[in-house]
Amino acid sequence: MNEGIENANVGVFILTENFFDGSSGWPLTEFSTFFMELMKNNKKVLMVNAGIAPEKIHSMMKAYRYLDWNDGKGLPEIANAIKRKLGV
């Protein structure tokens, strides 16, 4: 996981109920680790809201734009955003 975070230029996080479920803690740990790398190395982040109420999204995450999954209808916009972030 650490190697992937260090080598990634773009982090894509899918915000789901499981993402915020505290029983595992891994998704938020991965986001926090990527966020620290983002601050040091100018990485880019893209978040996809897959049905989470805005008030459940952590304030640190709200500083970044997120796209709506919208039952898959948002996929073209998400793909285009990833391309832009990668500079493709």
Side-chain angles (χ1 to χ4, degrees):
M1 176 184 83
N2 289 333
E3 184 179 332
I5 289 172
E6 289 173 9
N7 293 326
N9 293 322
V10 178
V12 179
F13 294 90
I14 311 299
L15 307 180
T16 64
E17 290 292 335
N18 287 337
F19 185 93
F20 292 102
D21 180 7
S23 62
S24 162
W26 276 111
L28 288 174
T29 300
E30 291 170 353
F31 177 81
S32 297
T33 303
F34 188 84
F35 187 79
M36 290 187 323
E37 285 290 318
L38 178 143
M39 301 307 267
K40 292 189 293 186
N41 298 315
N42 199 28
K43 294 177 181 272
K44 297 179 177 29
V45 66
L46 177 66
M47 291 181 288
V48 177
N49 185 342
I52 296 297
E55 60 271 8
K56 281 191 162 184
I57 298 174
H58 295 207
S59 56
M60 179 172 60
M61 295 174 172
K62 288 181 181 179
Y64 295 90
R65 180 174 180 246
Y66 62 85
L67 301 173
D68 284 313
W69 173 250
N70 196 16
D71 292 324
K73 294 178 190 130
L75 191 55
E77 183 181 4
I78 294 164
N80 286 331
I82 293 169
K83 285 181 184 179
R84 283 192 307 275
K85 298 275 183 185
L86 290 173
V88 178

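No hydrogens, no waters, no symmetry mates; every other heavy atom, side chains included, goes into these values. Numbers here simply count residues along the sequence, with the first being 1.
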Return the set of residues passing salt bridge (charged side-chain N to carboxylate O under 4.0 Å, His left out) with E30 (not counting sequence neighbours), or none when no residue passes. none
Report the residues that fulfil ring pair (Phe, Tyr, Trp, His ring centres under 6.0 Å) with F34, sequence neighbours left out, ordered by chain and then residue number. F13
Donor-acceptor pairs under 3.5 Å, side chain of residues 17-26 to any protein atom, not counting sequence neighbours: which ones?
| unit_1 | atom_1 | unit_2 | atom_2 | d |
| --- | --- | --- | --- | --- |
| E17 | OE1 | K56 | NZ | 2.9 |
| E17 | OE2 | K56 | NZ | 3.4 |
| D21 | OD1 | S23 | N | 3.1 |
| D21 | OD1 | S23 | OG | 3.3 |
| D21 | OD2 | S23 | OG | 3.0 |
| S24 | OG | W26 | N | 3.2 |

Looking only at atom types and distance, does a side-chain atom of N49 sit under 3.5 Å from a main-chain N or O of G51, one as donor and one as acceptor? yes
With sequence neighbours excluded, residues passing side-chain contact (heavy atoms from CB on, under 4.5 Å) with N41: E37, K43
Assigning hydrophobic clusters by single linkage (Ile, Leu, Val, Met, Phe, Trp, Tyr; side-chain heavy-atom cutoff under 4.5 Å), is M47 placed with M60? yes
Check whether any side-chain heavy atom of M61 lies under 4.5 Å from a side-chain heavy atom of L28, and answer yes or no. yes
So which atom in K62 and which in I57 form the shortest heavy-atom distance, rounded to 0.1 Å? CE-O, 3.0 Å
Can you tell me how far the OG1 atom of T16 sits from the CD1 atom of I52, to the nearest 0.5 Å? 6.0 Å
Return all side-chain donor-acceptor pairs below 3.5 angstrom for residues 74-88, not counting sequence neighbours, or 'none' if the list is empty.
| unit_1 | atom_1 | unit_2 | atom_2 | d |
| --- | --- | --- | --- | --- |
| E77 | OE2 | R65 | NH2 | 3.1 |
| N80 | ND2 | P76 | O | 3.3 |
| K85 | NZ | V45 | O | 3.4 |

Going by side chain to side chain donor-acceptor pair (under 3.5 Å), name the residues that satisfy it together with D71, two or more places apart in sequence or in a different chain. none
